[in-house]
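Sequence lines set the chain letters: A, B, ... in the order given, protein chains first and strands last, and positions in each chain run from 1. Any value given below was found using the heavy atoms of this structure, including those in side chains, with hydrogens, waters and symmetry copies removed.
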Number of protein chains: 2
Amino acid sequence: MKEPENQSRYPLGGRIWIDGPEGTYLAYGRVVLMERIREHGSISAAARSMNMSYRHAWELVESMNKQSLNPVVIKRTGGKGGGGAVLTKAGENAINCFWAAYHDFQKYLAKYSKRLDL
Amino acid sequence: MKEPENQSRYPLGGRIWIDGPEGTYLAYGRVVLMERIREHGSISAAARSMNMSYRHAWELVESMNKQSLNPVVIKRTGGKGGGGAVLTKAGENAINCFWAAYHDFQKYLAKYSKRLDL
DNA sequence: TACCGTTATTCCCTGCCGTATATTACGCTC
DNA sequence: GAGCGTAATATACGGCAGGGAATAACGGTA
């Protein structure tokens, strides 16, 4: 049995995202951010955990909430512990939806890389 | 017959490229640049035609040539008309190869957009 | 009421990417 | 040899996205 000629010396690379009414709605970093918010319970802790500035993280959450019918993250300001943020059902769904597309896409890339004839 | 629920209010977006030994080898702009070089016969004219700085265009050509077994563009310096650049067979092949992947990917995006359940 | 840590918001600063500009090298034609 | 327009290369400039710092608002808790 012969080895395949093209062992992806020129692999196909790529990235995907989900567009919304005002530009990017979901993308890799945004989804990871939501997971971290779910894990840590606040935007600031989530941002710290992934070496992202709080400002940037806040803007991403704002952008996602604005573009989805139901907010993906509920923000509480003040109160016990100063406040926090929790992921909603809509957020969970968005995460699952994006990862599904993401993994499918990764398989697509790997598959097509083998078909590339350069 | 019912209309499909999801008319891509949240379409899947994305971009692809082909990696080489030193990073990006082929991508949308690079391939268009090669086509313009084939059309105009010089890097500078090609760059002008697509509002790209000559420097940037030159670097892209250099990067592609360095990463491919056979150069995709032959550069002539001096001589009639001051010189010029011509696309090689390898360049033609690279163009065809990328567009094939590109168009397949566009279909993939359109198809998956309909499957997205948000 | 004072405290606390978060959200919310503004301002400044820096690094990076690509552009613009300028200069030199090149080699064919006249 | 002079002229031409390109390739080749270095330097300086500008815009802008993202980061950092600073500050105010918030609302439970002790």
Side-chain angles (χ1 to χ4, degrees), chain A residues 13 15 17 19-20 22-68 71-88 91, chain B residues 13 15 17 22-68 71-88 91:
Chain A
R15 57 182 231 90
W17 59 85
D19 280 319
E22 303 179 13
T24 301
Y25 169 45
L26 294 177
Y28 188 94
R30 291 171 183 237
V31 172
V32 171
L33 176 62
M34 282 193 285
E35 291 180 331
R36 299 298 178 96
I37 288 173
R38 174 177 59 188
E39 180 184 353
H40 292 93
S42 80
I43 295 177
S44 61
R48 276 196 302 273
S49 81
M50 56 192 295
N51 274 27
M52 180 183 284
S53 67
Y54 170 78
R55 172 196 169 135
H56 189 44
W58 182 86
E59 286 173 342
L60 293 182
V61 169
E62 200 70 2
S63 166
M64 288 188 285
N65 274 349
K66 215 189 286 186
Q67 299 191 67
S68 59
V72 294
V73 168
I74 298 290
K75 294 171 285 186
R76 280 186 311 113
T77 180
K80 169 174 184 168
V86 296
L87 195 67
T88 66
Chain B
R15 57 183 230 91
W17 58 86
E22 303 178 14
T24 301
Y25 170 43
L26 294 177
Y28 189 94
R30 293 170 183 238
V31 172
V32 171
L33 176 62
M34 281 194 285
E35 291 181 331
R36 298 299 178 98
I37 289 174
R38 174 178 58 188
E39 179 183 354
H40 291 93
S42 80
I43 295 177
S44 61
R48 276 197 301 274
S49 81
M50 57 193 292
N51 274 27
M52 179 183 286
S53 68
Y54 169 78
R55 174 196 170 124
H56 188 43
W58 182 86
E59 286 173 342
L60 293 181
V61 170
E62 200 69 3
S63 166
M64 289 188 284
N65 275 348
K66 216 191 286 186
Q67 298 191 67
S68 59
V72 294
V73 168
I74 298 290
K75 294 172 285 185
R76 281 185 310 116
T77 179
K80 168 174 182 167
V86 295
L87 195 66
T88 67

Legend entry - Closest-nucleotide 5' rank along DNA chain D - winner of A:His56 and B:Arg76: B:Arg76

Legend entry - Given DNA chain D, 5'-ward residue of the pair A:Met52 and B:Tyr54, judged by closest heavy atom: B:Tyr54

Return no unless some side-chain N or O of [X] is found under 4.0 Å from OP1 or OP2 of [N].
X	N	result
B:Trp58	D:dA7	no
B:Ser42	D:dG5	no
A:Ser53	D:dG19	yes
B:Lys75	D:dA8	yes

Inset, instruction - Indicate yes or no: does A:Lys66 engage A:Glu62 in a salt bridge with an N to O separation below 4.0 Å. - result: no

Rounding to an integer number of Å, can you tell me how far [X] [atom1] sits from [N] [atom2]?
X	N	atom1	atom2	result
A:Arg36	C:dT6	CZ	C1'	19 Å
B:Lys80	D:dA7	NZ	P	15 Å
B:Glu59	C:dT19	CD	C1'	11 Å
B:Asn51	C:dA20	CG	C1'	13 Å
B:Leu60	C:dC17	CG	P	14 Å
B:Asn65	D:dA8	CG	C1'	14 Å
A:Arg48	C:dG5	CZ	P	11 Å
A:His40	C:dT7	NE2	P	13 Å

Legend entry - Donor-acceptor contact below 3.5 Å, side chain A:Glu22 vs main chain A:Gln67: no

Inset, instruction - Give a yes or no on whether the backbone of B:Ala85 and the side-chain of B:Ser42 come within a donor-acceptor separation of less than 3.5 Å. - result: no

Inset, instruction - Applying side-chain hydrogen bond (donor to acceptor under 3.5 Å, both in side chains), run through B:Thr24 and B:Arg30 and close with a yes or a no. - result: CA-CA 10 Å; B:Thr24 301; B:Arg30 293 170 183 238; 5.1 Å; no

Inset, instruction - Quick one: do A:Val86 and A:Arg76 satisfy side chain to side chain contact (heavy atoms under 4.5 Å, CB included)? Show the steps, please. - result: CA-CA 8 Å; A:Val86 296; A:Arg76 280 186 311 113; 5.5 Å; no

Inset, instruction - Kindly indicate whether the side chain of B:Arg55 and the base of D:dT11 share any N or O donor-acceptor pair separated by less than 3.5 Å? - result: yes

